[in-house]
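To keep things clear, I will list the structure first and then write my remarks on it.
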Amino acid sequence: MKARQIGAILLIAGSGIVLNTSQAQQQMEMHGITRTELQRHDLSIPGQEAVQTRVDFAPGAAFSMHRHPGEEIVYVLEGSIEYEVEGQPPQIINAGGVLFIPAMVPHAAKNVGNVTAAEVGTYVVEKGKPLVELVSEIR
């Protein structure tokens with residue numbers, strides 16, 4: 001097989017692995033999840049920014065595997081959210097609990113309660129990159 005054909009196959013195969021931020025936002029809204037950006041600021045570290053969001057999950061709402069171009073620090077405000085972080089067993093974090101997710105590690109979240117759940121997510125990320133990248137189930 002010629003190098004050009006191999007390159008085209010790899011490009012097509014890889015195109016489903018990561019979806020952009022706008023697609024992630026659309027998926028969230030369709031599945032009972034609302035993300036509200038609270039603040040965004042440049043950091044003293046060149047090329048880095050901090051982004052803080054509030055994410056509300058309707059009862060049973062789930063957000064599929066995704067990742068961020070930097071660390072995520074989670075504080076659960078309300079309810080109970082189950083997090084699946086790649087390489088770790090699933091864990092349920094209740095209101096008042098916290099979670100740290102390393103940069104680019106795929107993870108998913110689901111409201112496992114029967115009331116709305118909410119978290120504050122603080123991201124320390126590379127400026128200019130999409131905040132959320134959906135990771136395809138086919139990996």
Side-chain angles (χ1 to χ4, degrees):
M1 202 178 275
K2 295 180 182 178
R4 185 178 291 170
Q5 290 171 319
I6 293 171
I9 291 169
L10 290 173
L11 180 63
I12 292 167
S15 66
I17 293 174
V18 175
L19 302 174
N20 69 30
T21 302
S22 64
Q23 289 168 314
Q25 186 70 31
Q26 288 172 354
Q27 184 205 41
M28 288 173 28
E29 291 169 0
M30 288 184 344
H31 296 287
I33 300 170
T34 305
R35 179 186 299 267
T36 305
E37 187 170 304
L38 303 173
Q39 61 179 330
R40 180 183 295 258
H41 298 283
D42 289 345
L43 296 175
S44 59
I45 303 164
Q48 298 286 303
E49 68 179 343
V51 180
Q52 195 168 55
T53 64
R54 177 185 171 116
V55 183
D56 292 280
F57 296 79
F63 191 46
S64 64
M65 281 290 183
H66 62 284
R67 63 187 182 193
H68 309 283
E71 285 74 20
E72 178 180 8
I73 301 109
V74 174
Y75 176 73
V76 176
L77 295 168
E78 303 168 14
S80 298
I81 303 172
E82 180 180 70
Y83 295 91
E84 289 184 46
V85 179
E86 188 172 78
Q88 300 177 22
Q91 57 186 310
I92 295 174
I93 308 292
N94 297 310
V98 296
L99 179 67
F100 177 83
I101 303 168
M104 298 306 287
V105 173
H107 58 284
K110 179 181 181 178
N111 179 352
V112 293
N114 55 10
V115 298
T116 298
E119 70 173 30
V120 170
T122 302
Y123 308 89
V124 177
V125 295
E126 292 182 55
K127 188 173 180 162
K129 290 200 173 182
L131 181 61
V132 179
E133 298 175 336
L134 292 179
V135 178
S136 175
E137 298 298 310
I138 303 169
R139 301 188 326 154

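Along the sequence shown, the residues carry numbers beginning at 1.
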Examine distances only and state if a side-chain atom of H107 and a backbone atom of V105 form a donor-acceptor pair shorter than 3.5 Å.
-> yes
Which heavy-atom pair separates G128 from E49 by the least distance, and what is that distance?
-> N-OE2, 4.2 Å
Taking all non-hydrogen atoms of both residues, which atom of Q91 and which atom of L99 are closest, and how far apart?
-> NE2-CD1, 3.4 Å
Gap separating the CD1 atom of I33 from the NZ atom of K110, nearest 0.5 angstrom = 11.0 Å
Output, in order, the C-alpha distance, side-chain angles, deciding distance and verdict of salt bridge (Lys or Arg N to Asp or Glu O under 4.0 Å) for R67 and E133.
-> CA-CA 5 Å; R67 63 187 182 193; E133 298 175 336; 3.0 Å; yes
Do Y123 and T53 touch side chain to side chain, with heavy atoms closer than 4.5 Å?
-> yes
pair F63-V132: side-chain heavy atoms closer than 4.5 Å = yes
Tell me, do K127 and D42 make a side-chain contact under 4.5 Å, heavy atoms counted?
-> yes
How many angstroms lie between atom CZ of R54 and atom CD of E78, to the nearest 0.5 angstrom?
-> 5.0 Å
Measuring from E82:CD to I92:CD1, what's the distance to the nearest 0.5 Å?
-> 5.0 Å
Looking only at heavy atoms, what is the nearest atom pair of L134 and S64, with distance?
-> CD2-OG, 4.0 Å
A58 and T116: which non-hydrogen atoms are nearest, and at how many Å?
-> CA-OG1, 4.5 Å
For the residue pair H68 and H66, categorise the inter-ring angle as parallel (less than 30°), tilted (30 to 60°) or perpendicular (more than 60°).
-> perpendicular
Do the non-hydrogen side-chain atoms of I73 and V98 ever get within less than 4.5 Å of each other?
-> no
Can you get from I81 to V85 by hopping between Ile, Leu, Val, Met, Phe, Trp and Tyr side chains that sit under 4.5 Å apart?
-> yes
Any side-chain heavy atom of E119 within less than 4.5 Å of one from I93?
-> no
Does the N111 side chain pair with the main chain of A61, one donor and one acceptor, at a distance under 3.5 Å?
-> no
